[in-house]
Protein chains: 2
Amino acid sequence: MGERGDWAAMRERRMAEPGAAEAYDAARLAFELGRAVRELRERRGWSQAQLAKGSGMTQSAVARFEAGGTVPTLPVLERLAAALDVSLSVSFEPRDAAA
Amino acid sequence: MGERGDWAAMRERRMAEPGAAEAYDAARLAFELGRAVRELRERRGWSQAQLAKGSGMTQSAVARFEAGGTVPTLPVLERLAAALDVSLSVSFEPRDAAA
DNA sequence: GGCTGGTATAGCATTGCTGCTATGACCTGG
DNA sequence: CCAGGTCATAGCAGCAATGCTATACCAGCC
């Protein structure tokens, strides 16, 4: 898989850095959130451009986010959730109960 | 309530801006996460400095975060969760089921 | 009083996420 | 083949969060 552009490679490098366990977790979280949003978006039959408009972003930002290109910020997640008509949940859970 | 420094005022200004519904949500989320971390920390009888050390931050960063001074980023939340030995949960939920 | 530990703030540099435009690849329909 | 729609990516500007140091405030204690 040679050609995926820069951020995919950057993310992998980030995950490979020594002592970057939490950064790794953040990258994985970003990846999974991207997948979740993509799924919600496609379930509604929306294009990236439509979701972008609904959440006050541009199509490129949506694409970047869905690809896990960056670790998103909470304001962005809130806006996406609002556009997708879901609610964003951020919380700390006991270690055992993996939400 | 005159003297709370700059960010408390900044946050309130942010929440008061028109058309900032999602930004408001983000600020509230920041506030609640700060309270949650403070509670977990105090429950363990730790000082801000101890938590800071455990999560690779400085005491001032912990104080700023607990006060809701800024909207935290996911990497920071991950590190705090790791230090507090809890797991961070970020997910989209159906609108009805308010987590 | 002075001392110490905990917390709150300030001011600054760095980092990195987002917003933007533009473009290229890929399909599909005409 | 060309047009249109969708998605991926590049490159850059702006800005916000973090990391840092230093400091002020406020206990409690000696």
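Per chain, numbering begins at 1; letters A, B, ... match sequence-line order. No hydrogens, no waters, no symmetry mates; every other heavy atom, side chains included, goes into these values.
For B:Met57 and D:dA17, the CE to P distance is 13 Å, given to the nearest whole Å. Counting to the nearest Å, the P atom of D:dC7 and the CH2 atom of A:Trp46 are 13 Å from each other. The interatomic distance linking A:Arg38 (CZ) with D:dC7 (P) rounds to 8 Å, in whole Å. Atom CD in A:Glu66 sits roughly 13 Å away from atom P in C:dT18 (whole-Å rounding). Atoms CD (A:Gln59) and C1' (D:dA8) sit 8 Å apart, rounded to a whole Å. Rounded to an integer number of Å, the gap from B:Leu74 CG to C:dT15 C1' is 16 Å. Protein atom CG of B:Leu51 is 15 Å distant from nucleotide atom C1' of D:dT18, rounded to whole Å. As a whole-Å value, the separation of A:Arg79 CZ from C:dT18 P is 9 Å.
With salt bridges taken as basic N to acidic carboxylate O contacts below 4.0 Å, one links B:Glu39 and B:Arg43.
The main-chain N or O of B:Thr70 is never found under 3.5 Å from a side-chain atom of B:Arg64 such that the two would form a donor-acceptor pair. Under a 3.5 Å cut-off, the side chain of A:Arg35 and the backbone N or O of A:Phe31 do not form any donor-acceptor pair.
Between A:Gln48 and D:dA8 there is a side-chain polar atom (N or O) within less than 4.0 angstrom of OP1 or OP2. Proximity of A:Thr70 to the phosphate of C:dT18: a side-chain N or O atom is located under 4.0 Å from OP1 or OP2. Contact annotation: B:Arg41 does not reach the phosphate of C:dG6 (side-chain N/O to OP1 or OP2, under 4.0 Å). Phosphate proximity of C:dG11 to B:Arg64: absent, as no side-chain N or O sits under 4.0 Å from OP1 or OP2.
Within the nucleic acid shown, B:Val76 comes within 4.0 Å of sugar-phosphate atoms alone, with no base atom in reach, counting heavy atoms only.
Which of D:dA17, C:dA8, D:dG19 sits closest to the side chain of B:Thr73 comes down to D:dA17. Out of C:dA8, C:dC17, C:dC20, the shortest distance to the side chain of A:Ser60 is found at C:dC20.
If you take CG on A:Leu80 and CE on A:Met57, they are separated by 5.0 Å, rounding to the nearest 0.5 Å.
You'll find the side chain of B:Thr73 stays beyond 4.5 Å of the side chain of A:Val71, heavy atoms only.
Residues A:Ala61 and B:Ser47 each lie close to DNA chain C; by heavy-atom proximity, the contact nearer the 5' end of the strand is made by B:Ser47.
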